K.L.:
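What follows is a single structure, and I will ask about it in a moment.
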Amino acid sequence: MTGNTAVRADTVFRALGLTKTYQMGDVQVPALRGVDLELYRGEFAVLLGPSGSGKSTLLNILGGLDVPTSGQVFYEDQELTSYSDSALTRFRRQYVGFVFQFYNLIPSLTARENVGLITEIARNPLDPREALRIVGLSAREDHFPAQLSGGEQQRVAIARAIAKRPSVLLCDEPTGALDVQTGAMVLEAIRTVNIELGTTTAVITHNAVIAGMADRVISLSDGRVARIEHNAHKLLPSELQW
Ligand SMILES: Nc1ncnc2c1ncn2[C@@H]1O[C@H](COP(=O)(O)OP(=O)(O)O)[C@@H](O)[C@H]1O
Ligand SMILES: [Mg+2]
């Protein structure tokens, strides 16, 4: 890696001076205005910030779904910002699990089959049953998405994301469409993945309450990192005061 400050040995992602400007016709929309950020191996990070602060843009760039306008991103000792499109796609397939607000399950496949689709193309996948166990859905393996609640569907989506044993799990507003109680169960599933598989985890949210369960809270404001806080005591999802 480059840069003259010491880099922690457990650094998984390192972003340096990231900017992203979207061109909307004649108008330039700045989404990131110079972000320096690290994610550490095995940590549970929450990226907190209001709508429009650049959270999704940042996560998409870290995960190789998008590229910055300027700046560098390193994953381990690889510079993602030097990759071709196809190299970036390979990186994403092998190392990154994504969870989004909407679950995008295939309606005609059961929970186990939805997870199994991924395990057919991964190198060293989890058994779909094991992935569903981790998210607490062993009893729902044979159910179709329409037979599952929103929170259960999101947990299937988490099982699908972890089935390839990604190095990092990136979640963009995973509870955004859910009520408090089912949201807490989804967060519990993500927490279990983080603990049982040791997956480096970043959860985006605009809900400050969720920050209580993180190791580190990275607050974004207007395309910049405004603040980074460490929680001395992490709360369980069931202990969060909504
Ligand atoms: N594809 C896009 N085209 C144009 N502007 C975009 C696009 N995606 C995001 N933006 C703009 O970039 C800024 C940051 O957006 P985003 O990263 O989605 O923030 P957040 O996830 O925190 O809500 C916003 O002003 C948003 O309107
Ligand atoms: Mg967003």
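Remember, it's a predicted structure, so these values are computed and weren't measured experimentally. One-based numbering, in listed order, for ligands and for the atoms of each.
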K.L.:
For P50, counting its heavy atoms only, list the atoms of ligand 1 lying under 4.0 Å from any of them.
P.N.:
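So the atoms of ligand 1 that pass are 22 (O).
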K.L.:
Please tabulate, one pair per line, all N/O donor-acceptor pairs under 3.5 Å involving side-chain atoms of residues 131-138, not counting sequence neighbours.
P.N.:
{"residue": "R133", "atom": "NE", "partner": "E130", "partner atom": "OE1", "Å": "3.0"}
{"residue": "R133", "atom": "NH2", "partner": "E130", "partner atom": "OE2", "Å": "2.9"}
{"residue": "R133", "atom": "NH2", "partner": "E196", "partner atom": "OE1", "Å": "2.9"}

K.L.:
Note the single closest protein heavy atom to atom 19 (O) of ligand 1, along with its residue, its atom name and the distance in Å.
P.N.:
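Nearest neighbour among protein heavy atoms for atom 19 (O) of ligand 1, to 0.1 Å: G54 N, 3.2 Å.
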K.L.:
Should the pair Y95 and F91 be assigned to parallel (<30°), tilted (30 to 60°) or perpendicular (>60°) ring geometry?
P.N.:
tilted
K.L.:
So which protein heavy atom does atom 17 (O) of ligand 1 come closest to, and at what separation?
P.N.:
T57 OG1, 2.5 Å
K.L.:
Determine whether the side chains of D179 and T182 contain a donor N or O and an acceptor N or O closer than 3.5 Å.
P.N.:
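Yes, side-chain donor-acceptor contact under 3.5 Å.
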K.L.:
So, are D142 and R112 salt-bridged, with charged N and O less than 4.0 Å apart?
P.N.:
yes
K.L.:
If you count heavy atoms of other groups shown closer than 6.0 angstrom to CZ of R93, is the number above 12?
P.N.:
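Incorrect, the count does not exceed 12.
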K.L.:
Any chance the side chains of S70 and T19 put a donor and an acceptor closer than 3.5 Å?
P.N.:
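A pair is found: one side chain offers a donor N or O, the other an acceptor, under 3.5 Å apart.
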K.L.:
Hey, could you give me each pair passing side chain to side chain donor-acceptor pair (under 3.5 Å) that has a residue in residues 198-211? Not counting sequence neighbours.
P.N.:
E173-H206, N194-T201
K.L.:
Note the single closest protein heavy atom to atom 18 (O) of ligand 1, along with its residue, its atom name and the distance in Å.
P.N.:
S56 CB, 3.8 Å
K.L.:
Report the nearest protein non-hydrogen atom to atom 1 (N) of ligand 1: residue, atom name, distance rounded to 0.1 Å.
P.N.:
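Heavy-atom neighbour on the protein nearest atom 1 (N) of ligand 1: Y22 CE2, 3.7 Å.
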K.L.:
Return yes when G52 approaches ligand 1 closer than 4.0 angstrom through a heavy atom, no otherwise.
P.N.:
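A heavy atom of G52 does come that close to ligand 1.
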K.L.:
Everything protein-side that's N, O or S and under 2.8 Å from the Mg ion (ligand 2): list it, residue and atom.
P.N.:
S56 OG
K.L.:
Determine, using heavy atoms of G223 and all atoms of ligand 1, whether some pair is separated by less than 4.0 Å.
P.N.:
no
K.L.:
Looking only at atom types and distance, does a side-chain atom of E113 sit under 3.5 Å from a main-chain N or O of T110, one as donor and one as acceptor?
P.N.:
yes
K.L.:
Identify the protein heavy atom lying closest to atom 12 (O) of ligand 1, giving its residue, its atom name and the separation to 0.1 Å.
P.N.:
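Protein heavy atom with the smallest distance to atom 12 (O) of ligand 1: A31 CB, 3.3 Å.
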K.L.:
Counting only heavy atoms not in Q181, do more than 12 sit closer than 6.0 Å to its CD atom?
P.N.:
no
K.L.:
Transitive ILVMFWY cluster of I118 at side-chain heavy atoms under 4.5 Å: who else is in it?
P.N.:
none
K.L.:
Would you mind running through ligand 1 and noting each atom that sits below 4.0 Å from a heavy atom of M24?
P.N.:
3 (N), 4 (C)
K.L.:
Sort out for me which residue in L178, I210, L236 forms a side chain to side chain contact (heavy atoms under 4.5 Å, CB included) with L187.
P.N.:
I210
K.L.:
Specify the protein heavy atom at minimum distance from atom 27 (O) of ligand 1: its residue, its atom name, and the distance to 0.1 Å.
P.N.:
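Among all protein heavy atoms, the one nearest atom 27 (O) of ligand 1 is V29 CG1, 4.6 Å.
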